[in-house]
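Here's the structure we're looking at; comments come further down.
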Amino acid sequence: MSIYTGTTSLFQDAILVIPSVSQASLPQLTVDVLVHSLGLRRIGKLRDEGMVVPMVGEAEGEEGGIVTGGIEVFGREGSSFVFLQQRAPTLTSRKQDHVDLIVQFITSHPFSAVLILTSLDSAAATIEDHLYTPLQVIHPPKPLDESPLADRLGQIPRYVPPAPSSTYPPFLPCAGLTRRLLATMQDTPGPVPPHASLAYWCTEADNRDDAVRYAGVVTYLLGIPEKQVTLVQPPSWQGLFGGSSIAGATSAASDIYG
């Protein structure tokens, strides 16, 4: 049985962007911004077989329909990128199964490169990291010379773990399954696309502005001209950090989120 159901015509030589469920769910929020702002549509879904926490909700936009806690795939005709989106955490007992599924998806399709979005707990960061270089890149041992991301990633500071280490992947505080995914890709036999992880130091708070800033860096890495996209928060975020939601429910004031 195929692990993927949906369109594959957009995968040829595309850059695959994967959000890792991590600190403040910032990678997921960032992908939400990008999917909405770039006008992407859902083109498929991975068969995760109950590897993530079950959830269901109403999709926004013209397509409507249902969103799930599974791993959805987004893209659009004429673009050179594809996004995964995971809306719920991975079940603890299925962590390696989940990572193996994603790596199998990566290696089963002709992606030109893979960019993993992750977030780190700024409580473990130095003042310099948090204030001056909140975005850093985790490079694999194999050079990214053949990757379409190489030149632009080279302009972002390299990640330096809080504790000195020569191991790969390094310690990544509150980065979810990022380290496990990087390690599995490193150990996978056969060809694996050039890949790296972009990390954002943050805290658990109202992270909407962080997500927009993070999305701006991702669009730069993907080679999308700044004039061609206006990054905006999706309507589904109403009530996300307090106030009235689009469904009419009211939650606590957003002041409590910092």
Side-chain angles (χ1 to χ4, degrees), residues 4 11 14-38 40-46 48 51-53 55 57 59 67-76 79 81-91 94-95 98-103 105-106 109 111 113-121 134-138 149 153 156 159 169 172-182 184-185 193 195-202 204 207-222 224 231 233-234 236-237 240:
Y4 173 73
F11 294 170
I15 298 172
L16 177 65
V17 181
I18 302 174
S20 176
V21 179
S22 44
Q23 178 78 356
S25 297
L26 185 57
Q28 283 70 39
L29 295 175
T30 301
V31 170
D32 264 354
V33 170
L34 290 164
V35 166
H36 178 70
S37 301
L38 296 172
L40 306 186
R41 62 183 182 86
R42 185 170 48 186
I43 60 173
K45 184 179 184 297
L46 271 66
D48 54 82
M51 296 178 191
V52 301
V53 174
M55 64 147 285
V67 297
T68 71
I71 308 170
E72 299 174 318
V73 184
F74 290 85
R76 72 180 186 197
S79 68
F81 44 81
V82 173
F83 288 82
L84 296 189
Q85 178 63 303
Q86 180 182 339
R87 303 180 188 278
T90 305
L91 294 171
R94 304 294 303 278
K95 290 190 292 187
H98 177 87
V99 167
D100 289 342
L101 176 75
I102 292 177
V103 173
F105 174 71
I106 293 170
H109 298 99
F111 297 112
V114 177
L115 180 63
I116 301 165
L117 307 183
T118 193
S119 47
L120 309 176
D121 186 0
L135 275 157
Q136 298 176 350
V137 179
I138 300 126
L149 296 170
L153 279 174
I156 299 175
Y159 170 75
L172 301 169
C174 296
L177 297 180
T178 307
R179 192 169 185 271
R180 187 184 291 252
L181 178 56
L182 290 170
T184 302
M185 293 180 72
H195 58 278
S197 181
L198 182 63
Y200 192 120
W201 293 96
C202 67
E204 292 274 359
N207 297 100
R208 287 174 289 188
D209 289 341
D210 289 321
V212 173
R213 283 192 290 269
Y214 202 173
V217 176
V218 174
T219 58
Y220 169 74
L221 293 175
L222 295 177
I224 302 171
L231 297 173
Q233 299 176 16
S236 59
W237 285 15
L240 179 63

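These numbers were taken from a predicted model, which means no experiment stands behind them.
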TODO: Report the distance from atom CD1 of Ile18 to atom CD1 of Ile106, rounding to the nearest 0.5 Å.
DONE: 3.5 Å
TODO: Kindly say whether Lys45 contributes a backbone atom to a donor-acceptor pair with the side chain of Glu72 at under 3.5 angstrom?
DONE: no
Task: Point-to-point distance, once rounded to the nearest 0.5 Å, from NE2 of His109 to CG of Leu16 - done: 10.0 Å
Open item on the list: Please check this pair: side chain of Ser20 against backbone of Ala175, looking for a donor-acceptor N/O pair closer than 3.5 Å.
Closed with: yes
Open item on the list: To the nearest 0.5 Å, what is the distance between CG on Leu149 and CG on Leu198?
Closed with: 10.0 Å
- [ ] Please name the pair of heavy atoms, one in Tyr4 and one in Ile43, separated by the smallest distance, quoted to 0.1 Å.
- [x] OH-O, 3.3 Å
TODO: Specify the closest pair of heavy atoms between Ala88 and Val53, including all atoms of both residues, with the distance to one decimal.
DONE: CB-O, 3.3 Å
Open item on the list: I want to check something: taking the side chain as every heavy atom from C-beta on, are Leu221 and Ile15 in contact at a cut-off of under 4.5 Å?
Closed with: no
Open item on the list: So if I apply the side-chain contact (heavy atoms from CB on, under 4.5 Å) rule between Pro19 and each of Thr118, Leu84, Ile116, which one comes out positive?
Closed with: Leu84
Open item on the list: Any non-hydrogen side-chain atom of Val31 less than 4.5 Å from a side-chain atom of Phe74?
Closed with: no
Task: Tyr214 side, atom OH; Cys202 side, atom SG - distance, nearest 0.5 Å - done: 9.0 Å
Task: For Arg94, side chain to side chain contact (heavy atoms under 4.5 Å, CB included) partners two or more places apart - done: Met51, Leu91, Asp97
Open item on the list: Please enumerate all residues that pass side chain to side chain donor-acceptor pair (under 3.5 Å) together with Gln233, with sequence neighbours excluded.
Closed with: none
TODO: Output yes when a side-chain donor or acceptor of Gln28 lies under 3.5 Å from a complementary backbone atom of Gln85, and no otherwise.
DONE: no
- [ ] Would you indicate whether the side-chain heavy atoms of Trp237 and Val33 approach each other to under 4.5 Å?
- [x] yes
- [ ] Ignoring hydrogens and angles, tell me if any N or O in the side chain of Thr90 forms a donor-acceptor pair with the backbone of Lys95 under 3.5 Å.
- [x] no
TODO: Identify the two heavy atoms, one from Phe81 and one from Arg76, that lie closest to each other, and give their separation to 0.1 Å.
DONE: CZ-NH2, 4.1 Å
Open item on the list: Does any part of the side chain of Val73, heavy atoms only, come nearer than 4.5 Å to the side chain of Phe11, both counted from C-beta?
Closed with: yes
Task: Nearest-0.5 Å distance, CD1 of residue Ile71 to CD1 of residue Ile102 - done: 4.5 Å
Task: Close side-chain approach of Leu120 to Leu172, heavy-atom, < 4.5 Å - done: yes
Task: Any donor-acceptor N/O pair, Arg179 side chain to Pro169 backbone, under 3.5 Å - done: yes
Open item on the list: Test of understanding: with side chain to side chain contact (heavy atoms under 4.5 Å, CB included), list the residues that count as partners of Thr184, not counting sequence neighbours.
Closed with: Gln96, Val99, Asp100, Val103, Arg180, Thr188
Task: Audit row: Val52, Val21, side-chain contact (heavy atoms from CB on, under 4.5 Å) steps and yes/no - done: CA-CA 11 Å; Val52 301; Val21 179; over 6 Å; no
Task: Heavy-atom check, side chain of Arg213 versus side chain of Leu231, under 4.5 Å - done: no
- [ ] Calculate, to the nearest 0.5 Å, the distance between atoms OG1 and CZ belonging to Thr30 and Phe83 respectively.
- [x] 10.0 Å
Task: Note, Leu40 side chain near Leu34 side chain (heavy atom, < 4.5 Å) - done: no
